[in-house]
Amino acid sequence: MERARAERARPLARRPLVTLLTAAALAASGLTALTSAARAADADLARNGGFESALDGWTCTAGTTVTSPVHSGTTALKATPAGADNARCAQTVSVKPDSQYTLSGYVQGTYVYLGASGTGTTDVSTWAQSAPAWQQLTTTFRTGPSTTKVTIYTHGWYGTGAYHADDISLTGPGGETGQPPAVPGGLKTGSVTSSSVALSWSPVPGATGYAVYRDGAKVSTVTGTSTTVSGLTPSTAYSFQVAAVNDAGESARSATVTATTAQRPDDGGSSDLPPHALVGYLHASFANGSGYTRMADVPDSWDVIDLAFGEPTSVTSGDIRFERCPVAECPNVESDAEFKAAIKAKQAAGKKVLISIGGQNGQVQLTTTAARDKFVSSVSAIIDEYGLDGLDIDFEGHSLSLNADDTDFKNPKTPVIVNLVSAVKTLKAKYGADFVLTMAPETFFVQLGYQYYGTGKWGGQDPRAGAYLPVIHALRDDLTLLHVQDYNSGSIMGLDNQYHSMGGADFHIAMTDMLLTGFPVAGDANNVFPPLRPDQVAIGMPASTQAGNGHVSSAEVNKALNCLTKKTDCGSYATHGTWPGLRGLMTWSINWDRYANWEFQKNFDAYFG
């Protein structure tokens, strides 16, 4: 990888002495009963204002709960602005028209805001420029004559670091919230595949949406009366429930239905790989400091061998060529006949040999349908000439980026994305069920999508951020392996909303957990990238210190594997599951591992037996 200004407080007007004396007399005579009764009707309308129930009731772009520091209770909000996101946390509250309200909360940090919008009169906010210790913020507002809902919020400021908030309250007369809807009936399963289950149920009067639960955990909220739960594991039993939702809350859950996903189809992603596979790149067209390694000399431990690299004749041509390393650069290079014979021998032993397209120098932009079609024909020619098993997509640099109006990873419209997906689907259709498809994106193009996607809502972001997500999603049913390059990477925010850096097991654990758990894209809880199957995921690591930034010792490799497959040696990052079916490891590269006395390969063999 190249890698507002605070308003000045208005002075209080001096009250006439007669007013003070009159108030005192009224108080003494008990004539304040009406005012007291009105105040007795006021209540704290903020839901979970102390964040004791995690983020229940709140919608946050980059928030989590922490146990320290807290103002009271056991937990408080911690939210971290980043880039064009100010880490806003908000909730919508039912209120009465033409009524007075007081919004209050305790904050800690730099430039922390507390406010209310949608008041129907004048929206308000207050802020602390610097609050090294807990500081109370308070503001008031009056609702408009027809206002029944307001949104209260807190947020930080761009690039100023994390802030904390606790004990947020909105005091005033409660609005008409009504009753939660009735429990949905008629829940049933529909089409069941190896990775998804279709559900449908009867509509509930007054419901504005439905919460869908899988094995007791909420997985989505939909507005209609049907959905498909995806990202499931083949041959696995799941239970499902739904609840109806409206402004008053959520109904009880429906009766449970169960479904068992189908076995993985023959044209799925496994392509008869072993349960745990070792993947490596072979420098077939160049030598560099690691030296050239002949195909016949690659040890049997390597289950997938990616030939590096097929490169385009120009960035936008789509015309991919694979050139063997010349004798002048690789004196020990084998002949084409020997090379092809060695590939056949590997395949006879159950190994897969792929052509990898791209790499650091091979920028590929399929901007036109003509380039798409040329990509298909030229890649097919390489596969046919060498009798290869499939394709590895290693698009880096500026190969993939998103147009400014391309905001939905599930429905991409940028030509370089759409044409790549179409090209790969054509290749898969041509070669059939045994076609092996792998991808090796950098973290910038995948996990960074948790925070940023394309140019962002306000523009100005790198259009490449998260740009692999629509490709992965569109091809997930054809994908054999995704092995993200957990190296040459900047710090990336994990699902714990903490930044993780290369150099230890923690980075690999956090990055892989995101792929296996799924994550909201650009922090949008309604736009979630679904998890991949464990058998579709391998962890990408450098084979040696010379191979790339982010190399870790064998001990750290094993810690990452232990945490992800056994829930041991997890360190500070808490994973969202345990995946003994994790497919394995990928490394750059076989040549560099040979240079380092096969340390990476030997450790893999020892770990998986």
Side-chain angles (χ1 to χ4, degrees), residues 264-273 277 279 281-282 284-285 303-323 340 343-344 346-347 351-359 362-396 399-400 412 414-441 445 467-483 532-533 536 538 586:
R264 185 179 298 109
D266 291 339
D267 62 346
S270 71
S271 296
D272 64 352
L273 291 176
V279 182
Y281 287 79
L282 185 68
S285 57
D303 301 295
V304 179
I305 303 168
D306 293 319
L307 304 180
F309 288 104
E311 299 180 358
T313 55
S314 69
V315 173
T316 59
S317 70
D319 188 5
I320 306 300
R321 304 296 175 88
F322 173 59
E323 304 292 342
K340 293 175 181 177
I343 290 173
K344 289 184 178 180
K346 292 294 180 188
Q347 294 168 329
K351 313 304 178 184
K352 305 298 180 183
V353 184
L354 316 180
I355 180 63
S356 180
I357 307 298
Q363 306 289 298
V364 182
Q365 296 175 2
L366 304 183
T367 56
T368 64
T369 55
R372 175 200 65 190
D373 295 343
K374 190 62 178 178
F375 181 89
V376 171
S377 62
S378 59
V379 170
S380 296
I382 295 169
I383 291 173
D384 293 344
E385 178 179 356
Y386 292 95
L388 304 179
D389 297 287
L391 169 66
D392 173 69
I393 301 173
D394 185 13
F395 284 15
E396 300 181 15
S399 292
L400 296 181
T414 303
V416 294
I417 304 292
V418 174
N419 289 333
L420 175 60
V421 171
S422 175
V424 174
K425 283 187 173 293
T426 300
L427 287 166
K428 180 63 183 284
K430 175 178 180 178
Y431 291 102
D434 294 332
F435 185 77
V436 180
L437 174 64
T438 66
M439 300 183 195
F445 297 92
Y468 247 96
L469 294 177
V471 178
I472 298 168
H473 185 69
L475 296 170
R476 62 173 57 238
D477 290 338
D478 302 308
L479 181 64
T480 308
L481 277 177
L482 177 73
H483 30 64
L532 293 167
R533 303 190 313 265
Q536 288 180 300
M586 174 276 279

Engineer: Any side-chain heavy-atom pair from L482 and P441 closer than 4.5 angstrom?
Structural biologist: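 In contact.
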
Engineer: For F375, give me all partners under ring pair (Phe, Tyr, Trp, His ring centres under 6.0 Å), at least two apart in sequence or on another chain.
Structural biologist: none

Engineer: Show the atom names and distances, to 0.1 Å, of all donor-acceptor pairs under 3.5 Å that link a side chain in residues 418-427 to residues at least two apart or in another chain.
Structural biologist:
unit_1 : atom_1 : unit_2 : atom_2 : d
N419   : ND2    : L366   : O      : 2.8
N419   : ND2    : T368   : O      : 3.4
N419   : ND2    : P415   : O      : 3.2
K425   : NZ     : D478   : OD2    : 3.3
T426   : OG1    : S422   : O      : 2.9

Engineer: Could you give the side-chain donor-acceptor pairs of residues 387-394 under 3.5 Å, partners two or more places apart or in another chain?
Structural biologist:
unit_1 : atom_1 : unit_2 : atom_2 : d
D389   : OD2    : Q347   : NE2    : 2.9
D389   : OD2    : V353   : N      : 2.8
D392   : OD1    : Y281   : OH     : 3.2
D392   : OD1    : T438   : OG1    : 2.7
D392   : OD2    : Y281   : OH     : 2.7
D392   : OD2    : S356   : OG     : 2.7
D394   : OD1    : Q485   : NE2    : 3.0

Engineer: Please report the C-alpha distance between V471 and F445 in whole Å, then the side-chain angles of each, then the deciding distance to 0.1 Å, and finally whether the side-chain contact (heavy atoms from CB on, under 4.5 Å) criterion is met.
Structural biologist: CA-CA 10 Å; V471 178; F445 297 92; over 6 Å; no

Engineer: Just by distance, do the side chain of S378 and the backbone of I320 share a donor-acceptor pair under 3.5 Å?
Structural biologist: yes

Engineer: Measure across E311 and G358 and return the closest heavy-atom pair with its distance rounded to 0.1 Å.
Structural biologist: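 That closest heavy-atom pairing would be CG-O, 4.0 Å.
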
Engineer: Is there side-chain contact between M439 and L475, with heavy atoms separated by less than 4.5 Å?
Structural biologist: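 Contact flag for M439/L475 side chains = yes.
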
Engineer: Which residues pass the ring pair (Phe, Tyr, Trp, His ring centres under 6.0 Å) test with F322, sequence neighbours left out?
Structural biologist: Y386

Engineer: Taking side chain as C-beta onward, heavy atoms only, is R533 less than 4.5 Å from R476?
Structural biologist: no

Engineer: Any non-hydrogen side-chain atom of H473 less than 4.5 Å from a side-chain atom of P470?
Structural biologist: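 Counting from C-beta outward, H473 and P470 never come under 4.5 Å.
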
Engineer: NZ of K352 to NZ of K346: how many Å apart, nearest 0.5 Å?
Structural biologist: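 Separation between the atoms: 14.0 Å.
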
Engineer: Using a cut-off of 6.0 Å, state whether more than 12 heavy atoms not belonging to K344 lie near its atom NZ.
Structural biologist: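 For K344, atom NZ is not crowded (no more than 12 foreign heavy atoms under 6.0 Å).
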
Engineer: So, does T480 use its side chain to make a donor-acceptor pair with the main chain of L437 at under 3.5 Å?
Structural biologist: yes

Engineer: Please report the closest heavy-atom contact between P312 and Q363, naming both atoms and the distance.
Structural biologist: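 Scanning both residues completely, I find the closest heavy atoms to be CG-O, 3.1 Å.
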
Engineer: Do you know the tightest heavy-atom contact between A538 and M586?
Structural biologist: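 Minimum heavy-atom contact is CB-N, 4.3 Å.
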
Engineer: For K340 and E385, what are the C-alpha separation, side-chain angles and deciding distance, and is it a side-chain contact (heavy atoms from CB on, under 4.5 Å)?
Structural biologist: CA-CA 9 Å; K340 293 175 181 177; E385 178 179 356; 3.7 Å; yes

Engineer: To the nearest 0.5 Å, what is the distance between OG (S314) and CG (D319)?
Structural biologist: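 It is 8.0 Å, given to the nearest 0.5 Å.
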
Engineer: Check side chain to side chain donor-acceptor pair (under 3.5 Å) between R372 and all other residues, then give those that pass, not counting sequence neighbours.
Structural biologist: none

Engineer: Would you check if the side chain of Y468 reaches a backbone N or O of F395 as a donor-acceptor pair within less than 3.5 Å?
Structural biologist: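 Pair found, side chain donor or acceptor close to backbone of F395.
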
Engineer: With sequence neighbours left out, what residues match K351 under salt bridge (Lys or Arg N to Asp or Glu O under 4.0 Å)?
Structural biologist: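 In terms of salt bridge (Lys or Arg N to Asp or Glu O under 4.0 Å), with neighbours along the sequence ignored, K351 is linked to D303.
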
